[in-house]
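What follows is one structure encoded as structure tokens, with my remarks underneath.
Chain identifiers are assigned alphabetically (A, B, ...) following the order of the sequence lines, protein sequences preceding nucleic acid strands; residue numbering begins at 1 within each chain.
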Amino acid sequence: MPDVRETKKRDSSRVLMMGNEAIAQGVLEGGIAYATGYPGNPSSEIVETLFKYKRSHNVCVEWAVNEIVALEAAAAFSFAGQRAVVTMKQNGMNVCADFLTTVCLNKLPGALLVVVCDDPGPLTSSNEEDSRHFAKIAQIPLFEPSTPQEAKDMAVAALNLSQKYGVPCLLRAVSRLSHGRGPVVTGPVKKNATPVYFDIDKPMVALPFLVTQNHSRLLGVMQAVCADFETDEFNTYSGPEDATTLVIASGQSAVYADEAIHVLNAENTVGLLKIGTVFPLPSQLIIKHLAHAKDVVFAEEVDPFLEEAVKVVYAENQFVLNTTRFFGKRNGWVPGVGEMNTTILVKTFSRLLGKKVAVESGIPEKLKSQAQAMLIPRELSFCQGCPHRASFFAIKTALKLDDRQGFLVGDIGCYGLGAGATGFEQIKALHCMGSGMGNLNGFSRLAALGFDQPVLAAAGDSTFFHAGLPALVNAVHHKMNAVFIILDNSVTAMTGFQINPSTPDNFPGAEQTVSIEKTAEGIGAITSVIDPVADLQKAIDAILKALRLEKGVHVIVFRHPCATYAIKKMPNPEPSVASIDSKKCLAKTCGCNQFCSRILNCPAISVDAASGKPCVEAQLCTGCGLCVQVCPQSAIRLKKAGDFEK
Amino acid sequence: MKQSINTIITGVGGQGNVLAAKLLAAAALADGWEVSVGDVYGLSQRGGSVASHIRWNRDRMMPPLVPEGDLDFLLAFEPLEALRIMTQYGNKHTVVVVNDHPVNPVGVQAGRFLYPDVEALYRLLEKMSKKVWWVSGTDTAKSLGNIQFLNTIMLGTFFATGQLGIRAELFEDAIRQTVPARYALPNIAAFSRGKALCSRQ
Ligand code: SF4
Ligand code: SF4
């Protein structure tokens, strides 16, 4: 694409930046006074990067309890004439949509930028939702960068546009861009000089009688934005002026399309129209290029968002345009699910152009199938010393002992792995933040229909505050019988160990702690706090007791810090390690059949090749002591790490 | 026509993949190449496979993903992961540098799977690729007193194969610029040890 190739070429000031770092740089250059968001892959590094510049650039940076609080807080900055950014992953858009679709009706004195990072063909998400639809729902401008450089530049442009028209803007990245790296030329960081002032004569309200009038104003704004977008430098065209085959692409997919055209040596026949300002779609630009195209192919992730918008423009202007054939997700020429890549587009383009593919043919099928036979999976697992291993083991044991086909419902986070082998396949329903706690409200009502399987719900500490509280209030209010287990590992581990309201105040960077147990008690739940790693039996008993009581709302907090976080940030000065006494261990002949390595499955316990007996890898063991408690032979003991050499 | 030099660094979460990719990309950028890196973040500390795609080329921006079957160089910190990437991205021209030390997946520890025969795995990699450098990276790192040096040792060997088109001095500069000062020298020493491992083959 000419824009990235030519303008920024060989500039010695180029630095390699992750897409998310580039976005952080962009919002600084765009003069933000406030940055917030809720952590979630692949978006977390934007706010994490901004934390580093908090002091030097005098920007207020903080994680919010959830996405809607984040957006509402950021909007207040824009109400007071300031610029603010909010970041989240795609699921977060659903959480903040209620506010987004109303605040768009007000004319903002400052600037408000929402950055969303989608996860197509998800690497770390429970769906592959396409957030671009929210631009259309709220009627706000949408930018889709295709390189880290563009991500940086668009963040600046989006903030400027937001202030120009007083409308929130949406910048949408995808995981490959957010976590990819490329060269970026940075610009100066803008000082925020606007006076901080809220004009009480211009209230920011979205009352029913104002809605149609404000909506009409917003549509007018979007027309003006559209006119700006017609000549926007983020929309580029490369290829012959009269190309009859046209690729229309946006975001990361535009770079795949560029490469696919190059691979097929089709630069002289195929045109590439890259749209960076995807909504409102610059229709005159589209018409100009549809005019020379006979065949149009779409490249975008994930939904046919651009495709459908282009088709609307085509339908509206059919009387001046040629007959055009369209190839995209809607007719199966491009996959409608999963992540895009160059290979997919090479296949689509070559099929359309009737070309043989000239790329490397890869590994011959025969060798591939030999390899496939060897390729065992590398499953994800709780880390060594992870408190969730103890919690899920306690849940599993309690449900077994209870013996009524009971099960656990949960949600996302490291503990989501509780649905897999590492968590003994305990979680039987898993969707979004806090969904297990909400589900349990319904399960507890099923008793009226004769449902007699006990159900437990698990949620993490950060999730409890993010989305779990309403479900708990609902359960108490309706006098349900329910057992909630809060897996409190003190940090938001999965997304990079962020501090959250439950983080104890002696942790580095922690702020005021909000007590889960006091909150739950205040709501009216019967509450207990247990360290499941220190006392596994107590954890099992607590669940069993709550299950057997069958009355009231119970909140059991399993509290033990994330092991990996603790090693990184708060290393124990006198660490212990487990060791297995091979004389006491009966291995295969023990009634437990090597329970510690086979079932407990701590990554620090492996099987010694020579003796066939389990052994602990001292380098990995965190000394959590969980294995010590499950060995029926008492063959496992904890020792001070230093004592081994002696 | 060859688009660009396509490299993948693969391993298991915690082996220093991301840093290795960052250093290599910084060196390539300093040597005047266009560079694009594709990383996977998020679940790395939970024992899964990780792969970083690093691509460099003289004159055009590339997507951060190597097209399937178009891999030039593979640097693997773990043999099974080498095979996994080779199967999807490799071809008969791929040059492979692989650490010979297997890391068992949890499923192997649990007895649900068997780790493939390492000798057979090595022979298969040789059949698939142009050349395999089978390197005792983990043992060397242990002899240097810290398993964390594995990535820079392996990068040393990788550079010593002499085909990357990036000057090794620039890689050492990248270490100095990226790694905290007190780790820079030991990492550069590890890099040199890695280079020596290549000449011993
Ligand atoms: S990062 Fe922490 S909470 Fe997550 S699996 Fe590892 S030890 Fe457990
Ligand atoms: S004490 Fe046992 S369970 Fe805990 S980390 Fe060490 S080996 Fe694993």
Side-chain angles (χ1 to χ4, degrees), chain A residues 1 4-5 10 14 16 18 41-42 45 123-124 147 176-177 179-183 252 255-256 258-259 262-263 265 341-343 346 358-363 367-368 370-372 374-383 414 417 421-422 494-495 564 594 597-599 601 603 605-607 619, chain B residues 1 3 12 21-22 25-26 29 32 34-43 45-49 53-54 59-65 67-71 80-81 83-84 86-93 104-117 120-121 124 127-128 147:
Chain A
M1 272 161 297
V4 278
R5 274 214 298 276
R10 296 294 133 68
R14 300 192 315 169
L16 208 57
M18 194 202 290
N41 280 309
E45 297 81 7
L123 299 161
T124 51
T147 62
R176 288 291 165 194
L177 175 64
H179 288 162
R181 277 170 207 278
Q252 183 70 69
V255 194
Y256 297 130
D258 180 60
E259 179 167 56
H262 192 63
V263 167
N265 236 329
N341 61 44
T342 302
T343 313
V346 166
V359 283
E360 291 289 351
S361 47
I363 301 295
L367 293 179
K368 255 191 187 169
Q370 283 179 33
Q372 240 93 46
M374 285 188 189
L375 284 173
I376 54 169
R378 198 174 283 281
E379 300 153 296
L380 295 173
S381 133
F382 293 138
C383 307
C414 283
L417 292 178
T422 191
M494 170 117 173
T495 51
T564 297
Q594 264 170 248
S597 67
R598 195 172 50 87
I599 305 289
N601 228 219
I605 304 179
S606 55
V607 178
Q619 285 233 350
Chain B
M1 189 175 54
Q3 311 304 313
V12 178
K22 205 169 154 179
L29 188 77
E34 287 294 334
V35 184
S36 187
V37 185
D39 261 322
V40 177
Y41 285 68
L43 290 163
Q45 61 268 79
R46 278 147 299 260
S49 317
H53 296 217
I54 309 106
D59 55 9
R60 53 190 296 124
M61 192 64 202
M62 304 136 284
L65 269 182
E68 288 182 10
D70 201 14
L71 186 64
L80 180 64
E81 297 316 307
L83 185 66
R84 205 183 302 283
M86 221 19 225
T87 309
Q88 189 178 358
Y89 294 97
N91 65 66
K92 60 177 186 296
H93 305 295
N104 277 338
V106 277
V108 169
Q109 279 161 243
R112 280 178 279 118
F113 297 102
L114 265 183
Y115 196 95
D117 179 59
L121 192 157
L124 185 57
K127 267 194 220 160
M128 287 173 153
I147 188 74

Query - chain B interface, residue from A:Gly182, A:Pro603, A:Ala421 that has the most non-hydrogen pairs under 4.5 Å - result: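 Greatest number of close heavy-atom pairs with chain B: A:Pro603.
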For chain A, which of [options] has the most heavy-atom pairs under 4.5 Å?
| options | answer |
| --- | --- |
| B:Ile54, B:Leu65, B:Leu121 | B:Leu65 |
| B:Gly107, B:Gly111, B:Pro116, B:Ala26 | B:Pro116 |
| B:Glu81, B:Lys127, B:His53 | B:Glu81 |
| B:Gly90, B:Ser36, B:Gly38 | B:Gly90 |
| B:Asn104, B:Leu124, B:Val108 | B:Leu124 |

Query - Which atoms of B:Ala21 approach chain A - backbone, side chain, both or neither, heavy atom under 4.5 Å - result: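 Neither; nothing under 4.5 Å.
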Query - Under 4.5 Å from any heavy atom of chain A - which part of B:Leu114 - result: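 Backbone only.
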A side-chain contact here means heavy atoms from C-beta on lying under 4.5 Å apart; do [X] and [Y] qualify?
| X | Y | answer |
| --- | --- | --- |
| B:Lys22 | B:Asp39 | no |
| A:Ile376 | B:Pro105 | yes |
| A:Arg14 | B:Glu34 | yes |
| B:Met61 | A:Pro183 | yes |
| A:Thr422 | B:Val106 | no |

Quick one: what part of [X] sits under 4.5 Å from any heavy atom of chain B, side chain, backbone, both or neither?
| X | answer |
| --- | --- |
| A:Gln619 | side chain |
| A:Thr342 | side chain |
| A:Glu379 | both |
| A:Ile605 | backbone |

Query - Side-chain donor/acceptor of A:Thr343 to backbone N/O of B:Glu68, under 3.5 Å - result: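 Between the backbone of B:Glu68 and the side chain of A:Thr343 there is a qualifying donor-acceptor contact (under 3.5 Å).
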Query - Contacts of type ring-ring contact (aromatic ring centres under 6.0 Å, His included), residue A:Tyr256, not counting sequence neighbours - result: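 Testing A:Tyr256 for ring-ring contact (aromatic ring centres under 6.0 Å, His included), a comparison that skips the adjacent residues, returns none.
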Requested in this report: Can you sort out the partners of A:Arg598 under salt bridge (charged side-chain N to carboxylate O under 4.0 Å, His left out), two or more places apart, ordered by chain and number?
Outcome: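 A:Arg598 satisfies salt bridge (charged side-chain N to carboxylate O under 4.0 Å, His left out) with no residue once adjacent residues are dropped.
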